[in-house]
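Since the structure comes first, as C-alpha cells, the remarks are kept for the end.
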Amino acid sequence: MRYLSRLFFALFAAAAIQSAIAEDVMVIRFSHVVATESPKGQAAERFAELVAQRSAGKVRVDLLPNGRMYGDNEEISALLLGSVEMLAPSLTKLKVLYAPEFEVFDLPYLFPNIEAAHRVTQGPIGKSLLAKLERQGVVGLAIWDNGFKQMSANRPLRTPADFAGLSLRIQPSRILEAQMRALGAKSRVLQFNEVYNALKNGMVDGTEGPVSNFYTQNLHTAQRYLTLSNHGYLGYAVVTNKKFWSGLTPEIRSMLEGALRDATEFANESAQRNNDAALESVRKSGLTQVVELTHAENKAWRDALSKVPHQAEGRIPKELIDGILREAGHMSTAVSQR
Ligand code: LMR
C-alpha cells in the first residue's frame with residue numbers, strides 16, 4: 001500500500017514537472033512528514049499560496065505531505081541530492097548535518113512559554129544555529145513552531161511511577177532517550193510515519209508530541225490516555241539546498257524570502273490555535289481520555305527530568321544551553337549548578 005502510494009506520488013511529481021517545463025513554470029518541491037491539517041502542513045500551504053500570488057503563477061510550490069515521497073530517514077538526503085528543494089524537519093532531526101547543537105531543543109521544560117521559545121528561535125541564537133547548516137550545503141531559512149509536547153499511552157501517566165515497564169517512541173535524540181529513562185521508561189526511535197502502526201501493533205506502548213500531530217495521525221484511535229504535560233518543545237527549521245538557493249535570480253529569491261517571512265508569521269501565530277482545536281477534537285472523539293496534571297504531579301515530572309540537561313554535556317556547548325536559558329527567562333537549576 002505504502003509502495004503504491006509512493007509510486008503514485010513519484011508519477012504525479014514527474015507529471016507535474018513535465019507540465020511545469022512545458023508551461024515554463026519554476027517548481028519548488030517542498031516535502032514534509034506531517035498531515036496538511038497540522039501546523040507545519042498549514043504553514044507550508046500558506047507559503048505555497050503566497051508564492052503563487054506573488055510570482056503571478058511563474059513559481060509553483062509543490063507540497064509533498066505525510067512523508068509520501070520521503071520519510072524522516074530519506075528527506076535530508078533527498079534535499080542534498082536535489083530531489084526536493086525544501087523541507088521543514090523538526091529541529092532535532094537537523095543534527096545529522098553535523099550540527100549536534102540542534103538537539104538542545106529537546107531539553108525538557110526548556111521554554112516556560114511560547115514567547116520564550118520565540119525569543120530564541122526568532123532571535124540571534126536561532127539565526128546562528130541556522131547558519132551552521134551552510135557548511136553542509138543547506139540554507140536555514142526560518143524556524144516554525146509546532147508547540148509543546150504531550151505524552152500518551154494506554155494507561156494514565158500521572159507520575160513517573162506510571163512509566164514503569166513502558167516503551168515509548170522518540171525521535172532520534174540522546175536527550176529524548178535520557179528524558180524517557182529519567183521518567184522510568186524505555187524508548188524506541190521510530191520514523192514519524194511509522195508511529196501509528198507501531199502503536200496499533202504494540203511495538204511501542206506510547207509516544208510524545210504536540211496534540212496536532214497526535215490527532216492528525218489518528219493516534220487517538222490507538223492510545224487511551226493523553227497527558228497534558230507540556231514537557232518539551234517541537235519546532236521546525238525550514239531549509240533549502242544551498243546550490244539551488246544561490247542559483248536563483250535575486251528577484252525570485254527576494255520574493256521567496258518575503259513569502260517565507262509572512263508564512264513564518266502565520267505559522268508562529270496560528271500553531272497554538274491549531275493545537276487547541278486538535279485537543280478539542282480529541283476530547284470530542286471520546287476515544288482518548290485527556291489527563292490534566294495536578295501541581296504536585298507536575299512537580300514530580302519536573303523533579304524526575306531535572307537531571308536530563310547533564311546528558312547534553314560535552315555534545316552541546318554549555319554557552320549555548322546557558323544562552324538559551326537566559327534568553328528564555330530562566331536559568332535551570334540543573335544546568336546552572338553544573
Ligand atoms: C516527530 O518525528 O515526532 C516530528 O518531528 C514530526 C513533525 O514533523 O512534526
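Order of appearance sets the numbers: ligands from 1, and atoms from 1 within every ligand. Side-chain atoms are counted along with the backbone in the values below, which use heavy atoms only and exclude waters and symmetry mates. Numbering of residues begins at 1 and proceeds along the displayed sequence.
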Next item on the list: Evaluate side chain to side chain contact (heavy atoms under 4.5 Å, CB included) for Leu228 paired with Leu279, printing each intermediate quantity in order.
Entry: CA-CA 10 Å; Leu228 300 183; Leu279 180 58; 4.0 Å; yes

Per side-chain contact (heavy atoms from CB on, under 4.5 Å), Ser212 is matched among Val34, Leu234, Asn274 by Asn274

query: Any cation-pi pair here, Arg135 with Tyr98, using under 6.0 Å and within 45°?
result: no

Find out if a path of hydrophobic residues (ILVMFWY) with successive side-chain heavy-atom gaps under 4.5 Å connects Val204 to Leu166.
-> no

Of all protein heavy atoms, the one nearest atom 6 (C) of ligand 1 is Phe192 CD1, 3.4 Å

Ranked by distance from atom 9 (O) of ligand 1, the top protein heavy atom is Tyr236 OH, 2.5 Å

Listing, residues 177-190 side-chain donor-acceptor contacts under 3.5 Å, not counting sequence neighbours, or none:
residue, atom, partner, partner atom, Å
Gln179, NE2, Glu208, OE1, 2.9

Quick note on ligand 1: atoms under 4.0 Å from a heavy atom of Lys40 include exactly 7 (C), 8 (O)

Under 4.0 Å between heavy atoms, the region of Thr92 that gets near ligand 1 turns out to be neither

Heavy-atom pairs closer than 4.0 Å: do any link ligand 1 to the side chain of Leu234, the backbone, both, or neither?
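For Leu234, the contact with ligand 1 is made by the side chain alone.
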
Between ligand 1 and Gln191, can you find any atom pair, the residue atom being a heavy atom, that is separated by under 4.0 Å? no

- Does ligand 1 have any atom sitting under 4.0 Å from a heavy atom of Glu208? no

